[in-house]
Every structure is written in structure tokens, then in C-alpha cells.
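First comes the structure, then the notes that go with it.
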Amino acid sequence: MEDGAEKYDLAEVRWAPRVNPGKIRRLYETDARGIIDEELIEDVGFALYSRCQSILIATEAHAGRLQCPRCGNIIPHHGKRDAVLQCVRCAWRVRWGDYHKTYQDRHLHGGGAMAAFQSYIEEFTKARSPRDRMLAIDRLIHVFHCELVQDPVRSVGINLIYGRNTREVTEFLDRLTYGEASTPEMKATRDAWDKKLEISQRYHPIRRPERDP
Ligand SMILES: [Zn+2]
């Protein structure tokens, strides 16, 4: 970095990390035993909430509307690498190319699932009970890109949950535990997942576990 001032401004750009899959696995194992683990639901729920916010901000920035990390003001730009962008309200400034690097290759582009990330933020905020929060989490992680407008292309898992690639995270989601005591709405979401996964297999094939006949 050539300019000290820009380095300082970049320090204010923060992206929420993806969620630890171990916690998601535990969430489903617990639910399958008919137990509501309020603390774990809050933990995972808020981590996803922050992650969704980061996805919205990064996707908007990529589309030419950078939200100032200091004051929230929107800074319009044209994606020119060397353009120095400055917030008219608080004077925060950054070179677009440097800002772009902060979110590149971090699975922060919302792609064909922006509505789902947005809805989760609203649903999670409104949900009063741990059960409602659990259902919001469950709906979110089983969304597929483009499922509302065309074929479900690929799971949003890679955007939200840590893993090496789309295949690894999709296989992880496909192996979540369900049981007799699982919340009924979650079983319905699971059935819908099966159907969407079947279609998406032609774009992003995964290995599915063998099922009992
Ligand atoms: Zn500002």
C-alpha cells in the first residue's frame, strides 16, 4: 500500500466470518432429540445475522453503492480500480481497488439469493421465541441461489458456513441430523431441500449418503 491514510481507512472495513459448521451440526442433533438449546440458537443466529449483513453490504458495494463503514452513508462509484472514493458526510476515504480486495474470494457476493439474506435479517429480528429463531435459521441455510426465479442452482451454504468449496458445504448440509423429535416445520424444509438438490445436481453435483430403502 502506497498511502498511509488509505491504510488507516481500510482498517474500518470488517466482514463477518462464515459460521462454524460444528455449531450447525450440533443445532440439528439437539433439535432431533427434541431439545431447544436457546444459547446455541442465539449464537448461531446472530453469527448468521452478521454474515448476512456483510453479504448485503459487499454485494451492494460491488454493484456501485459502497456503504461508508464509519457513518453508513452510501458512496456511489463506477468500479474503477484506482478511483479514490470519499464519503461526503464523514470524509472516510478509500481506493476502490483496495476496498474490493477486502471482500474478494470470501464468498460475500449474494448472487441469486439476495432476497433470502434480506428476509433472514427481518425474520430473525422479529422472531420472539427460540423456536421461531431456529426456524428462521433453518429456512435460510436451505435456500438455493436462483430458486425463486428459475432452477435452484446451488446452495447458499458456502456463503454462510465455513468449508473449502460449494460441494463440501452442500454435502455437509445434506447430512444434517433429523429424527422423530425434530421440529415438524424443519422436516418440511428438508423435503423441499431434497427436491431443490435434485435439480441443482445438474449444475453442482454432490455425493449423497445412501438411504435406507
Ligand atoms: Zn461516512
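Indexing begins at 1, ligand by ligand and atom by atom, following the structure's order. Numbering starts at 1 and runs along the sequence shown. From a predicted model like this one, the values you see are computed outputs, not experimental measurements.
- When each of Arg51, Arg106, His145 is tested with Asn159 by the rule side-chain hydrogen bond (donor to acceptor under 3.5 Å, both in side chains), just one qualifies, namely His145.
- In this structure, His142 and Tyr178 have tilted ring planes: the angle between them lies in the 30° to 60° band.
- Here the side chains of Glu60 and Ile74 are not in contact, with every heavy-atom distance at 4.5 Å or above.
- Using modelled atom types and a 3.5 Å distance limit, the side chains of Tyr99 and Asp9 yield no donor-acceptor pair.
- Counting only protein atoms, the N, O or S atoms lying less than 2.8 Å from the Zn ion (ligand 1) are Cys68 SG, Cys71 SG, Cys87 SG, Cys90 SG, ordered by chain and residue number.
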Would you list the atom pairs, donor with acceptor, under 3.5 Å between side chains in residues 15-22 and any protein atom, with sequence neighbours excluded?
{"unit_1": "Trp15", "atom_1": "NE1", "unit_2": "Thr102", "atom_2": "O", "d": "3.2"}
{"unit_1": "Trp15", "atom_1": "NE1", "unit_2": "Thr102", "atom_2": "OG1", "d": "3.1"}
{"unit_1": "Arg18", "atom_1": "NH1", "unit_2": "Ile158", "atom_2": "O", "d": "3.2"}
{"unit_1": "Arg18", "atom_1": "NH1", "unit_2": "Ile161", "atom_2": "O", "d": "3.4"}
{"unit_1": "Arg18", "atom_1": "NH1", "unit_2": "Gly163", "atom_2": "O", "d": "3.3"}
{"unit_1": "Asn20", "atom_1": "OD1", "unit_2": "Gly22", "atom_2": "N", "d": "2.7"}

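- When side chains are defined from C-beta on, Cys146 counts as touching Val149, because their heavy atoms get closer than 4.5 Å.
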